[in-house]
Visitor: 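Let me give you the structure first, and then I'll get to my questions.
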Amino acid sequence: MIEEKLHEVQQKIAAAKEKRSPEIQDEVLLIGVTKNHDVNAMREAIDAGVTDIGENRIQEAKEKYAILDRNVTWHLIGHLQTNKVKHAVKLFDMIHSVDSLHLAEALNKAAGEIGKHQKILIQVNLAKEDSKSGIYEEDLAELLQQVDNMENLQLMGLMCIAPNYEDVEMCRPLFRKMRKIFEKVKEMQWQRANIIYLSMGMTHDYEIAVEEGANILRVGTGIFGQRQY
Ligand SMILES: *Cc1c(COP(=O)(O)O)cnc(C)c1O
């Protein structure tokens, strides 16, 4: 079941890549978002070819991390509280949700304490939704520069969550704008950063995200079915 759904998603990604404008050549990394799904579902997905998984809560990830007997890359995609950074740097290969100087400083310190270079993305709240985390576009450049100076962080790119529009086509201009911002950020002068990732697109909008230049997708429902809360 998971395997079939995964293959369906992979096929849709391949088809969406064909619709991109020719200057966008990026490979696409698919993250299977396993929040609220159990370790058996994770195993099934990994055995079917999922290489990267996304979780949004530290406690849940910790419990799964302890019992998951598979090699996989872990992504934190949900909001992170400063008091949980110690756990976050131990568990996650990449943290997508960095959106303030305060949080970046805490992560830098926690990563230093365990001798790690923590890969991070900066989350941008492009639509300025009150309900979402993320830094506003006008404050982005300053935060990027500050993070680039932090010796235990490796800045790898940007992440965004599009609003949950009923008409999914409304996401397109937003994704297009994010890709433009990403291109600009890539061209900036960096000390430590290696800007290669643009994480955008979830189950309802990932095809449009790919068409507009996403190179990391975070898909839960499309692979695992509805979450039970
Ligand atoms: C839950 C979640 C996803 C996956 O959502 P689906 O609609 O199930 O694909 C992606 N990104 C973030 C930040 C999430 O919290």
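Whatever order the structure lists ligands and atoms in, that order sets their numbers, starting from 1.
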Visitor: Quick check: does any side chain N or O of Asp99 sit under 3.5 Å from a backbone N or O of Gln123, one acting as donor and the other as acceptor?
Guide: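 The answer is no, because no donor-acceptor pair under 3.5 Å joins these two groups.
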
Visitor: Given Thr203, Ile223, Ile161, which one has a non-hydrogen atom that is nearest to atom 6 (P) of ligand 1?
Guide: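 The residue whose heavy atom sits nearest atom 6 (P) of ligand 1 is Thr203.
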
Visitor: Check for a donor-acceptor pair, side chain of Lys64 on one end and backbone N or O of His37 on the other, with a separation under 3.5 Å.
Guide: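 Indeed, once roles are kept as given, a pair shorter than 3.5 Å links the two residues.
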
Visitor: Report yes if some heavy atom in the side chain of Leu155 is under 4.5 Å from a heavy atom in the side chain of Asn194; otherwise report no.
Guide: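 A side-chain contact is absent here, since even the closest heavy-atom pair is not under 4.5 Å.
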
Visitor: Which of the atoms in ligand 1, numbered in the order shown and given with their element, are less than 4.0 Å from a heavy-atom of Val219?
Guide: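 That gives atoms 9 (O) of ligand 1.
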
Visitor: Please tell me whether His79 and Ser97 have a donor and an acceptor in their side chains that are separated by less than 3.5 angstrom.
Guide: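 Absent: no donor and acceptor within the cut-off.
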
Visitor: Have Asp52 and His75 got a donor and an acceptor in their side chains that come within less than 3.5 Å?
Guide: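 Yes - a donor-acceptor pair under 3.5 Å links their side chains.
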
Visitor: Starting from atom 8 (O) of ligand 1, what is the nearest protein heavy atom, named by residue and atom, and what distance separates them?
Guide: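 Answer for atom 8 (O) of ligand 1: Thr221 OG1, 2.6 Å.
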
Visitor: Which one of Lys132, Arg218, Arg57 has a non-hydrogen atom at the shortest distance from atom 4 (C) of ligand 1?
Guide: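 Heavy atom nearest to atom 4 (C) of ligand 1 belongs to Arg218.
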
Visitor: How close does the nearest protein non-hydrogen atom get to atom 12 (C) of ligand 1, and which residue and atom is it?
Guide: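 For atom 12 (C) of ligand 1, the nearest protein heavy atom is Ile77 CD1, 3.5 Å.
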
Visitor: Strictly distance-based, threshold 3.5 Å: is any side-chain N or O of Asp93 a donor or acceptor partner for the main-chain N or O of Thr73?
Guide: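 A pair under 3.5 Å: no.
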
Visitor: Treat each ILVMFWY residue as a node, draw an edge where side-chain heavy atoms are under 4.5 Å apart, and state whether Leu174 and Met170 are in one component.
Guide: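 Linked, Leu174 and Met170 end up in one cluster.
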
Visitor: Residue-level breakdown please: for Lys35 versus ligand 1, do any non-hydrogen atoms fall below 4.0 Å on the side chain, on the backbone, on both, or on neither?
Guide: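 Just the side chain.
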
Visitor: Checking a contact table here: which protein heavy atom is nearest atom 5 (O) of ligand 1, and how many Å away?
Guide: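 Checked against all protein heavy atoms, atom 5 (O) of ligand 1 sits closest to Met202 CE, 3.4 Å.
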
Visitor: Closer than 4.0 Å to some heavy atom of Gly220 - which atoms of ligand 1 meet that?
Guide: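 Every atom of ligand 1 under 4.0 Å from some heavy atom of Gly220: 4 (C), 6 (P), 8 (O), 9 (O).
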
Visitor: Give a yes/no verdict on whether any heavy atom in His96 is under 4.0 Å from an atom of ligand 1.
Guide: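 Heavy atoms of His96 never come under 4.0 Å of ligand 1.
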
